[in-house]
Every structure is written in structure tokens, then in C-alpha cells.
Amino acid sequence: MKPVPLQKKCHYLGYYTLAIDALPQIQSEIYEVFVEYNPENDEVAHCDLWMVERPTADEPKTQKKSDRAKVIARMWDNFIGPFRGICDVDAPYAEVLLATELPVQRLPQR
């Protein structure tokens, strides 16, 4: 019997990349998008991507919600990947985890 991944536990499936020079085109007048360097599990290439409402944004909630969705869509349009990978701790579940489909993103059209 194959081992089943644990429920209520996170499993690493891989990553997407995003070119830093895409950030100015992704953010908006309402939301700033930035990268914060945050090495994880000895992986020095790991960063966190943040989207933060600008303090000067005083638009109505509906406009903020719409703008947020547009920023997320532009962010997604600029992701490249996935680049699949399994952590050593998840090795017993590798077959199941690698069979999990992840959305594919191609090189963005610039």
C-alpha cells in the first residue's frame, strides 16, 4: 500500500519564478507589489511576494476589490513554471505529490 500524504499538513510541490523587472507593470495606484528576501530550508533563492494597499489609497471598497483582482491576474500572468520538486521529508509521498496537477505558466509576452 502506498503512503498517503498527511491531511492538514503542507507539502512542497515546487515553485514558480517571477522576474523582478515585471513588478512595475504588475502593481497599481492602489496596491504596491514587492519582494522580500526570505531564505527557507537552506534555499537561498526563496523570496516572499507581497501585495500591500498603499496608505494613500482612498478608493471605494468595490474599486479596491476590482483592482486587487487585476493585480493578482497580472502577477499570475508573469509567473513562469511550475518547477516541480519534493522535499526529503515528503519523499515517501513523492508519487502522489508529483501527480498533483499545478497550473502551467509559460514565458510572459513582453
Open item on the list: Would you say that F79 contacts P103 through its side chain, given a criterion of any heavy-atom pair below 4.5 Å between the two side chains?
Closed with: no
Task: K61 atom NZ, neighbour heavy-atom count above 12 within 6.0 Å - done: no
TODO: Please assess S28 against R74 for the test side chain to side chain contact (heavy atoms under 4.5 Å, CB included), listing each intermediate value before the final yes or no.
DONE: CA-CA 10 Å; S28 69; R74 287 194 300 264; 3.8 Å; yes
- [ ] Just do the side chain to side chain contact (heavy atoms under 4.5 Å, CB included) check on L18 and L23 with the steps written out, would you?
- [x] CA-CA 9 Å; L18 174 71; L23 293 182; 4.0 Å; yes
TODO: Can you sort out the partners of K65 under side chain to side chain donor-acceptor pair (under 3.5 Å), two or more places apart, ordered by chain and number?
DONE: none
Open item on the list: My understanding is that only residues two or more places apart in sequence, or in another chain, count here; which of them pass side chain to side chain donor-acceptor pair (under 3.5 Å) with H11?
Closed with: D90
- [ ] Please report the closest heavy-atom contact between M51 and V71, naming both atoms and the distance.
- [x] SD-CG1, 3.3 Å
TODO: With sequence neighbours excluded, tell me which residues meet ring-ring contact (aromatic ring centres under 6.0 Å, His included) with Y12.
DONE: none
- [ ] Determine the minimum heavy-atom distance between M75 and L49, stating which atoms define it.
- [x] SD-CD2, 3.2 Å
Task: Distance in Å, C47 SG paired with E40 CD, rounded so as to fall on 0.5 Å steps - done: 11.0 Å
Open item on the list: Using a 3.5 Å distance criterion without hydrogens, assess whether the side chain of R68 forms a donor-acceptor pair with backbone atoms of I30.
Closed with: no
Task: side-chain contact (heavy atoms from CB on, under 4.5 Å) partners for P24, two or more places apart - done: none
Task: Residues that, via side-chain heavy atoms closer than 4.5 angstrom, fall in one hydrophobic cluster with V52 - done: F34, W50
TODO: Using the test side-chain contact (heavy atoms from CB on, under 4.5 Å), find all partners of L102 that sit at least two apart in sequence or belong to another chain.
DONE: L13, Y16, P82, R84
- [ ] For E53, check salt bridge (charged side-chain N to carboxylate O under 4.0 Å, His left out) against everything at least two apart and list the hits.
- [x] K64
Task: Partners meeting side-chain contact (heavy atoms from CB on, under 4.5 Å) with T17 (sequence neighbours left out) - done: Y15, I80, F83
Open item on the list: Starting from I20, can I reach I26 by hopping between I/L/V/M/F/W/Y residues whose side chains sit under 4.5 Å apart?
Closed with: yes
Task: For E59, side chain to side chain donor-acceptor pair (under 3.5 Å) partners two or more places apart - done: none
TODO: Only counting residues at least two apart or in another chain, list the ones meeting side chain to side chain donor-acceptor pair (under 3.5 Å) with D48.
DONE: N38
